[in-house]
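Below is one structure; the comments refer to it alone.
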Amino acid sequence: MAPVLRLSELKLPLDHTDADLEAAVIKRLRLRPGQLRGHRLVKRSVDARKKPAVALVYCLDLDLDPAAETFLLGRKKPDPHLRPTPDERYRFVVEPGQAGAASERPLVERPVVIGAGPCGYFAALLLAQMGLRPLLLERGQPVKQRTTDTFGFWKGTLPFNPESNAQFGEGGAGTFSDGKLYSQVSEPRAYVRKVLEELVDAGANPEILTLHRPHIGTFKLATVVRGLRARIEALGGEVRFGARVERLDLDPTTHAVRGVVLADGSSLPSHHVVLAMGHSARDTFAQLHHQGVAMQPKPFAMGVRIEHPQQLIDRARYGEATGHPRLGAAEYKLVHHCQGEGLAGRDVYSFCMCPGGLVVGATSEPGRVVTNGMSQHSRNERNANSGIVVNVTLDDLAPYGSGPGDPLAGVAFQRHWEERAFEAGGGSFQAPAQFVGDFLAGQPSAQPGTETVAVAPSYQPGVHYASLEPCLPAFVLEALKEALPAFEKRIPGFAGKGALLTGVETRTSSPLRIPRNAKTLECTNTPGLYPGGEGAGYAGGILSAAIDGIKLAEQVALAITRS
Ligand SMILES: Cc1cc2nc3c(=O)[nH]c(=O)nc-3n(C[C@H](O)[C@H](O)[C@H](O)COP(=O)(O)OP(=O)(O)OC[C@H]3O[C@@H](n4cnc5c(N)ncnc54)[C@H](O)[C@@H]3O)c2cc1C
């Protein structure tokens, strides 16, 4: 079928058949029998605004009789949600054939990518597809070994490994996550489509192409990243693990990149280096700053993770429709603009919500505790969790820096509070946890008795009931105390006494930005260095990091083929 028209905003009740869907199209467009020859699902979302009538909303590409197509588009008052099907094919900026000659050049022209997260993997994949045989360097381990290391730490059977954990290793920070593929970016759709199609080719469920808010789930993600690696290698690229880049080799006169130096002392020459190191590469941030790579401090957010029974969220969102087979575990998104004294300009919002998931230890450094969340594809764990975080401004960071504008002040801020959480958790990587009732009353929590109705913590490697006050800045405490009751009005039970807070959630986004040229995407003071993804301040999730990786690959390919 060659779809010609796209129809959106087509609403149907939860219980409908395929025949009902076609009938709804025919009715909506007032078609005659036989004029609709077929349809292809583009997107499907849930509209739960008018409970109990929860609806599914479709966007479809329609294969129509040519006469019907002309008639529909030529109508005096065409359907506002009907338009020609857009061309969503991704087009390479450098065709593989064109780059072929470049791929035969010696290693000095071979692009290097630092970091095997979504940004680095997509940069490497695109470079490989354009024939440029990238060399990808990852400090952590392949996903199989990384899974053993990380789950071993969570279960308490292996010691914490600073080079192989929730942040570092194949797939990057999002490997053990819910694998949500949502993004605030309004890029030309070709990028989004390209990422989703590559993920499907690498092993993700094809439903991610058509669900409005798709997610992959953690175990599936492990398969997908292995699939991405295989595709890069099949195209002549190379992926090396346990390969931490210690520093850049920079031309002393021009400050241009000449290559990279690894932690084992070996060096690799390259004039095109993609820097996709993620937001937790604090040692690498410090080294690059020391080498004079341009950097600026950047605001981010911090707070705690909250857990509720998933049932509570489902009831609030879906009402009577809770449990319907066409609805998964419900999500939420909450924002509160603070109004209390001294809190002007503070926003509290939910971050990285994981329906039916687990809270996990996401530190990358010893002596520190960091929370985050992950889910399986099925999202069928008993608790829902999300970060409830408060915006941190540059003024908040100033006391932690070595002077005005210190780009590493945010790292010092994060470390300070992560250390307080480690102490409050008892000093053994357990996270401090406090019930919302106690938090609002300003009293520490104790291990609940069997008679208490309270959320059972899912955090691994375990919680220590305590007070969160010593591990949160005063403005975060005050903002959370104002926001939780406000969120209760949106989701009854959200600020219930037995809801559980675990801390601290500090790795919400990078605490710094590496400025880059808007057109070439090179670092403003380091030619040949292409900083990107979350660590450099250009992405806030898996999808946006992957898209940024594609854009970096495009600029590298253009630079190499022009040189
Ligand atoms: C537990 C958790 C759950 C999350 N859930 C979601 C979610 O559901 N949806 C979503 O969109 N986002 C989620 N995120 C955020 C998402 O994972 C990140 O936004 C995304 O991974 C950023 O991609 P990136 O490629 O820029 O960096 P990263 O994914 O952080 O990758 C950077 C890579 O660089 C490597 N590296 C660092 N320094 C060096 C060096 N010096 N030499 C060599 N290699 C180096 C690291 O080991 C790492 O593998 C989650 C994050 C976590 C931690």
Side-chain angles (χ1 to χ4, degrees), residues 112-124 135-143 146 150 154 162-185 195 213-218 221 225 239-248 260-263 273-288 305 331 351-355 357-364 370-375 379 385-387 460 505-510 531-549 552:
V112 162
V113 177
I114 302 172
C119 179
Y121 253 167
F122 270 83
L135 176 54
L136 195 154
L137 304 170
E138 166 58 48
R139 69 192 294 164
Q141 295 301 312
V143 72
R146 183 186 180 196
T150 309
W154 287 343
E163 291 297 320
S164 184
N165 48 57
Q167 303 289 350
F168 295 159
E170 186 175 23
T175 301
F176 308 122
S177 80
D178 181 38
K180 285 176 281 296
L181 298 172
Y182 331 147
S183 149
Q184 309 280 348
V185 289
V195 172
R213 292 172 73 79
H215 77 285
I216 297 183
T218 190
L221 271 164
V225 294
V239 184
R240 289 190 202 165
F241 295 101
R244 180 164 59 81
V245 173
E246 179 80 24
R247 61 185 172 85
L248 300 174
V260 296
V261 180
L262 301 185
V273 173
V274 171
L275 183 63
M277 67 202 151
H279 60 29
S280 291
R282 294 166 170 179
D283 49 356
T284 313
F285 291 164
Q287 176 58 31
L288 296 178
R305 209 140 259 261
E331 300 170 57
F351 165 79
C352 188
M353 196 259 152
C354 294
L358 301 173
V359 181
V360 295
T363 184
S364 56
V370 180
T371 53
N372 211 309
M374 73 171 189
S375 307
R379 289 178 164 174
N385 72 70
S386 80
Q460 294 178 335
E505 188 96 3
T506 43
R507 313 276 181 104
T508 50
S509 71
S510 187
E534 181 140 28
Y538 296 96
I542 296 170
L543 190 56
S544 58
I547 289 172
D548 203 49
L552 295 172

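Atoms within each ligand, like the ligands themselves, are counted from 1 in listed order. The shown structure was predicted, so the numbers you read here are calculated from the model rather than taken from an experiment. These numbers come from the heavy atoms of this one structure, side chains and all, not from hydrogens, waters or symmetry mates.
Considering only residues two or more places apart in sequence or on other chains, Ile216 meets the side chain to side chain contact (heavy atoms under 4.5 Å, CB included) condition with Leu181, Leu199, Ala204, Ile208, Lys220, Leu221, Val224. In this structure Ser164 satisfies the side chain to side chain contact (heavy atoms under 4.5 Å, CB included) test together with Gln141, Arg146, Asp149, Asn161, sequence neighbours excluded. In this structure, the side chain to side chain contact (heavy atoms under 4.5 Å, CB included) partners of Thr284, at least two apart in sequence or on a different chain, are Arg139, Met277, Ala281, Leu288.
Here the side chain of Gln167 pairs no donor or acceptor atom with the backbone of Ser280 at under 3.5 angstrom.
Side chains of Glu534 and Ser510: no donor on one and acceptor on the other come within 3.5 Å.
Arg507 has its side chain within reach of Thr363: a pair of non-hydrogen atoms, C-beta onward, lies under 4.5 Å apart.
Sorted by chain and number, the heavy-atom contacts of ligand 1 below 4.0 Å come from Ile114, Gly115, Ala116, Gly117, Pro118, Cys119, Leu137, Glu138, Arg139, Gln167, Phe168, Gly169, Gly172, Ala173, Gly174, Phe176, Ser177, Asp178, Gly179, Lys180, Ala243, Arg244, Val245, Ala276, Met277, Gly278, Ala281, Thr284, Cys352, Asn372, Gly373, Gly533, Glu534, Gly540, Gly541, Ile542, Ala545.
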